[in-house]
2 protein chains.
Amino acid sequence: MQDALIRKLESYEALSKQDHEALRVLVPKIRQVGPRTDLISEGEPPENVHLILEGFACRYKILPSGQRQIMAFLVPGDFCDLNVFILDQMDHCIGTISACQVADIPRRAIDEITANHPHITRAFWWCALVDEAVLREWLVNVGGRQANQRIAHLLCELLLRLQAVGYASDNTYPFPFKQADIADCMGLSEVHVNRTIRELRALGLITLKQRHLTIHNVEELKAFSGFTANYLHLKNARWSERRSVPWLVRAQGS
Amino acid sequence: MQDALIRKLESYEALSKQDHEALRVLVPKIRQVGPRTDLISEGEPPENVHLILEGFACRYKILPSGQRQIMAFLVPGDFCDLNVFILDQMDHCIGTISACQVADIPRRAIDEITANHPHITRAFWWCALVDEAVLREWLVNVGGRQANQRIAHLLCELLLRLQAVGYASDNTYPFPFKQADIADCMGLSEVHVNRTIRELRALGLITLKQRHLTIHNVEELKAFSGFTANYLHLKNARWSERRSVPWLVRAQGS
DNA sequence: CGCAAGGTTGACGCTGCTCAAATTTGGTGG
DNA sequence: CCACCAAATTTGAGCAGCGTCAACCTTGCG
C-alpha cells in the first residue's frame, strides 16, 4: 500500500527497520477519493499533510481567464504539501486525476518523525528538493521546447518517476490523463495535444491504449525530447546512467 | 548591507536582537562578483550556500539546442541554494546579471543557526517555500498567459519583491536585465520581447530609462497582467490587500 | 571619436490556437 | 447483448501570435 513511499524514500536514503515501522504508523487511516475531486483549494489554510498512496493527482491554479494551469502531477508516494503547512494559506489547488487513495497525516506526526528519525527527515528533505527540481524542469520544458519534445519529455519523466515507485513495467504505465490535462500542464491547446500525440504515435515512439502508455524505445524518446534524468536525483538510476552515457561522466568530472 | 536579508526575514517572522546578531555573524566575508559571471554550474557538487547581498542574479539551464532558460531571478536578500546542498549535484547553473555582492556561507554556519535559532529557521523555511511558490507562478505565467500579460506580470512581481527588501521607491526599481534575459525567462524571442515592452510603454503602463523601470499605475498593471500577490506570502502586504481587494476576503473566509 | 553591445524595426513564415463538426469510446439501462 | 448517451478523441479549415532573419539605429564606454 504505502510501499510506494518507502520505495521512493529508500531510493534516496537507507532506512532501518525502525524507520519502516515509523512510516507505517504515519498512515493511520486511508481515505478513498473519487476522480476529479479537490483535496484542498486555493485560499484554504493547510492543515494535514496529504500523501498519495494510489492513483494520480495534480497541483493547479485557475487563471482569471478561466484557464487551468497544472503545475505538477502527483503519483503514488508523493506528498502533496509536505512543506506548505508553514505558510498561511494555499496559493494553489490540489485535485485528483484518477480515483486515489490518500493518507491525511496530521502535522504533529510529521513533527514527531523529524524529531526522532534523522534518516527519514533527510529523505523527506530530498523529496521536497526533487519536487522543486521537477518544477524547474517543467518551466524549462514549457519555456524552451516545442510541443512534440515537450510532451515526449513529460512521458519520459513519468516513466522514471513511476518506475521508482514500482508502477511501471515493460516501459508501460497507467495513463489516466485526459488530453485536456496534458494541454493544461504543457501550456498547449487540447487540439494541438491531440495532433502531437498522434505524431509521437506515428513516429512509432509510443502506444496509448486502454489508458496505458507504452514507450517503445526509451532511449529514442529521451533523445527526441532532450531528456536528461539528472534533475530527478535518483540514486539508483544514476549509476546505470554513468555507465551508459559517457558524456555525463565528463560533466560530473569537471 | 545584509539589511535586505534581515528585512525580508522580518516580513515573515519577528526576530530578536540575538537573531539579528546571529545573522550578522553568518556573513563572514563578502565577495564582489562581476556581471554575467557564474556562481555555480550544473553538475558541480554544492558546497557553500550563496546569498545575494547586492545586485541581480538568475538560475538557468542550457538546453541541448543551446537555448538558455532562466528559472528564477535572484534579488538582494535571496539565497541561491539554501537547500540544494542536500542533493548530490547541481541540476542547474546560477549566474549574475549585474555586478553582485555575494556572501558564501559554509553549510556548518547554516546548521548552527538552525540548531539554535528557531525563529530564523522558520523564516528560512518560509523563504524556501516562497521561492517555490514563485517558481510555480512562473510556470503559470509561461504556460497560461500571452506575451504582454506575461511580461507585465514579471514586472509586478519584481516590484513587490524589491519593495520588500527596500530596493524600490516611487514604483521605480533598478532594471539591469537585457531584453534577451527577459526573453530567456519568459520563453519568448528577443524580438518579441522588444515589441511587447514597446507595447507596454505605448499603453502608458511603464517607463524604462537609464536601467530603471517605473510603473506608472501599479493597480492598472496588476489588472492588465492578472497579477495576484498571494503567492508571495508577504505578511505585511497581505493586510493592505485585504482592505483593497474585497473578493480576497471572501476567498479567505471560505 | 569610434567601436561594440544592445535596442529597434520590417518582412515573412511557421507553430500552435480557435471554432466547429464528426467519430470513437465507455458507461448505463433495457 | 444491444441501444443509447455523454464524454473524450479526432479531424479540418482558417487565422493569429510569435519566431526567424536581417538590417539599421542608439547608447555607453574607452
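Protein chains get the first letters and strands the later ones, always in sequence-line order, with residue 1 at the start of each.
- Which of C/dT8, D/dC21, D/dT9 sits closest to the side chain of A/Arg211 comes down to D/dT9.
- Pairs of residues two or more places apart, or lying in two chains, never qualify as salt bridge (Lys or Arg N to Asp or Glu O under 4.0 Å) while including a residue from residues 200-212 of chain B.
- Classification of A/Arg145 and A/Glu137 as a salt-bridged pair holds, one side-chain N sitting under 4.0 Å from a carboxylate O.
- Between the P atom of D/dG17 and the CG atom of A/Leu188 lies a distance of 17 Å, rounded to the nearest Å.
- Put simply, CD on B/Gln149 is 13 Å from C1' on D/dG17, counting in whole angstrom units.
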Using atom types as modelled, flag every donor-acceptor pair under 3.5 Å from a side chain in residues 188-195 of chain B to any protein atom, sequence neighbours excluded.
| unit_1 | atom_1 | unit_2 | atom_2 | d |
| --- | --- | --- | --- | --- |
| B/Ser189 | OG | B/His192 | N | 3.1 |
| B/Asn194 | ND2 | B/Gln179 | OE1 | 2.9 |

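- Counting to the nearest Å, the C1' atom of C/dG16 and the CZ atom of B/Arg145 are 20 Å from each other.
- Between the side chain of A/Arg150 and the base of C/dG16, no donor-acceptor pair under 3.5 Å is found.
- Minimum atom distance to the side chain of B/Ala147 is reached by D/dC18, of the listed D/dC18, C/dG7, D/dT9.
- The distance between atom CD1 of A/Ile197 and atom P of C/dG16, rounded to the nearest whole Å, is 14 Å.
- Each of D/dC18, C/dG16, D/dT9 was ranked by its minimum atom distance to the side chain of A/His192; first place goes to C/dG16.
- Taking every side-chain heavy atom of B/Gln179 into account, C/dG7 is the closest of D/dG12, C/dG10, C/dG7.
- Spacing between atom CZ of A/Phe177 and atom P of D/dT9 amounts to 12 Å, rounded to whole angstrom units.
- Side-chain contact annotation: A/Asn141 with A/Glu157, donor-acceptor N/O pair under 3.5 Å absent.
- Considering only the side chain of B/Ser189, D/dT20 comes nearest among D/dA13, D/dT20, C/dG16.
- Listed nucleotides D/dC18, C/dA20, C/dC17 differ in distance to A/Val191; the shortest reach to its side chain belongs to C/dA20.
- The CD1-C1' distance, from B/Ile97 to C/dG6, rounds to 14 Å in whole Å.
- Atom P of nucleotide D/dT9 and atom CZ of A/Phe175 are separated by 10 Å, given to the nearest angstrom.
- Among the heavy atoms of the strands lying under 4.0 Å from B/Arg201 are primed sugar atoms or P, OP1, OP2 only; no base atom is included.
- Using a 4.0 Å cut-off between charged side-chain N and carboxylate O, A/Asp78 and A/Lys8 make a salt bridge.
- Checked against the 6.0 Å centroid criterion, the rings of B/Phe56 and B/Phe177 qualify as a close aromatic pair.
- Along DNA chain C, the nucleotide nearest to B/Glu190 and the one nearest to A/Asn148 differ in position, and the one closer to the 5' end is contacted by B/Glu190.
- For the residue pair B/Glu54/B/Tyr167, the side-chain donor-acceptor check at 3.5 Å is satisfied.
- A salt bridge is defined here as a Lys NZ or Arg NE, NH1 or NH2 lying under 4.0 Å from an Asp or Glu carboxylate O, and B/Arg68 with B/Asp181 meets this definition.
- Comparing C/dA11, D/dG17, C/dT15 against the side chain of A/Gln146 picks out C/dT15 as the nearest.
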Check nucleotides 24-26 of chain D against the protein and report each pair of N or O atoms closer than 3.5 Å, with its distance, or say if there are none.
none

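- The listed nucleotides are D/dG19, D/dA8, C/dG7; the one nearest the side chain of B/Asn194 is C/dG7.
- Rounding to whole angstrom units, CZ of residue A/Arg195 and C1' of C/dG16 are separated by 9 Å.
- No contact: A/Arg36 has no heavy atom under 4.0 Å from any strand.
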